[in-house]
Amino acid sequence: ALHETRDRPASLARQRGPGAIVSAAVALAALLGPCAATTAAQRQRSLASRVSLALKDARRSAAQQPAGGEAPPAKKKPLMDAVHAMRTEMCWDRPNLNEHVKCLEYLGLQCLKASTGQGICDQFKVMVKRECLEPTEPKTQDTLCKVAEMLGLLDDTD
């Protein structure tokens, strides 16, 4: 049966007429599999279909956004790995945190990217904004304000 299938396109091609050529092409495509039957036009239609689906998804997402151009609700930040969470906690527990520049910068960077899951970053942000606007230690106010600006805490000053 396999030998007959292989010879079928050749025997159909020897026949005359447009129907024989189409039959030979169909038989050859069946023999070679779906990849051989794909023409440039079919690939182009497939690509156009995928682009059309992507546009529909984008329109659907845009329609689901709140009215007035408001941004969608903020996504939760990923949790810090154990090493960063421990170092963040150690910096947060320092009695002189608002004077310790390295910890202020470290906490600012870590809280920008991730969360400890313990509320340390939220408390840190409150402290940084307060100390920037009403400093208890004037020599570190510049660092505190840079960290507050980096965290976007000064955009909506009350």
Side-chain angles (χ1 to χ4, degrees), residues 1-2 5-6 9 22 25-158:
L2 182 59
T5 307
R6 282 191 200 154
V22 171
V26 169
L28 184 60
L31 179 65
L32 296 176
C35 295
T38 304
T39 64
Q42 289 171 325
R43 286 191 300 272
Q44 192 174 17
R45 282 192 299 270
S46 174
L47 178 62
S49 173
R50 284 183 274 157
V51 168
S52 176
L53 287 174
L55 285 172
K56 285 179 186 177
D57 287 345
R59 285 187 195 115
R60 191 175 307 122
S61 295
Q64 291 174 353
Q65 269 190 330
E70 297 172 15
K75 294 181 181 176
K76 278 189 153 186
K77 290 183 179 176
L79 290 178
M80 294 177 193
D81 63 24
V83 172
H84 291 298
M86 183 183 72
R87 185 171 172 198
T88 299
E89 190 173 349
M90 289 175 70
C91 278
W92 178 247
D93 288 339
R94 289 185 74 88
N96 62 341
L97 174 61
N98 61 342
E99 298 171 14
H100 198 270
V101 175
K102 285 187 178 182
C103 273
L104 289 173
E105 291 173 350
Y106 180 79
L107 284 169
L109 289 171
Q110 290 305 311
C111 289
L112 184 65
K113 299 185 288 188
S115 169
T116 62
Q118 301 169 3
I120 293 174
C121 287
D122 293 332
Q123 294 172 34
F124 173 71
K125 289 175 184 178
V126 169
M127 187 273 298
V128 166
K129 185 174 181 178
R130 183 185 68 237
E131 290 291 323
C132 173
L133 299 175
E134 301 166 11
T136 57
E137 186 60 49
K139 59 184 175 180
T140 58
Q141 182 183 13
D142 188 44
T143 302
L144 286 161
C145 289
K146 284 180 183 176
V147 171
E149 188 176 329
M150 177 180 65
L151 292 169
L153 302 175
L154 301 179
D155 297 337
D156 60 332
T157 42
D158 302 299

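Numbers for residues simply follow the sequence, beginning at 1. Bear in mind the structure is a predicted one, so any value in this text is a computation, not a measurement.
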Any side-chain heavy-atom pair from K102 and Y106 closer than 4.5 angstrom?
-> no
T136 backbone acceptor or donor facing E131 side chain under 3.5 Å = yes
Taken to the nearest 0.5 Å, the spacing of C121 SG from L112 CG works out to 9.5 Å
Okay, side chain of T140, backbone of N98: is any donor-acceptor separation there less than 3.5 Å?
-> yes
When rounded to the nearest 0.5 angstrom, what is the spacing between SG in C91 and CE in M86?
-> 10.5 Å
Nearest-0.5 Å distance that lies between atom CG in L144 and atom CD in E105 | 10.5 Å
Should L153 and V147 count as side-chain neighbours, where that means a heavy-atom distance under 4.5 Å?
-> no
Around atom CD of E149, are there more than 12 heavy atoms of other residues, nucleotides or ligands at under 6.0 Å?
-> no
Quick one: CD on E99 to OG1 on T143, what's the gap to the nearest 0.5 Å?
-> 11.5 Å
Kindly give the heavy-atom pair with the smallest separation between C132 and A148, and that separation in Å.
-> CB-CB, 4.4 Å
Mark yes or no for whether K77, through its side chain, and C111, through its backbone, hold a donor-acceptor pair below 3.5 Å.
-> yes
List the steps and the verdict of side-chain contact (heavy atoms from CB on, under 4.5 Å) for F124 and T88.
-> CA-CA 10 Å; F124 173 71; T88 299; over 6 Å; no
CD1 of I120 to CE of M127: how many Å apart, nearest 0.5 Å?
-> 12.0 Å
Would you check, one step at a time, whether the test side-chain contact (heavy atoms from CB on, under 4.5 Å) holds for L97 with L107?
-> CA-CA 10 Å; L97 174 61; L107 284 169; 3.8 Å; yes
From K125 NZ over to K129 NZ, what is the distance, rounded to the nearest 0.5 angstrom?
-> 11.5 Å
State, yes or no, whether a side-chain contact exists between T116 and W92 at a heavy-atom distance under 4.5 Å.
-> no
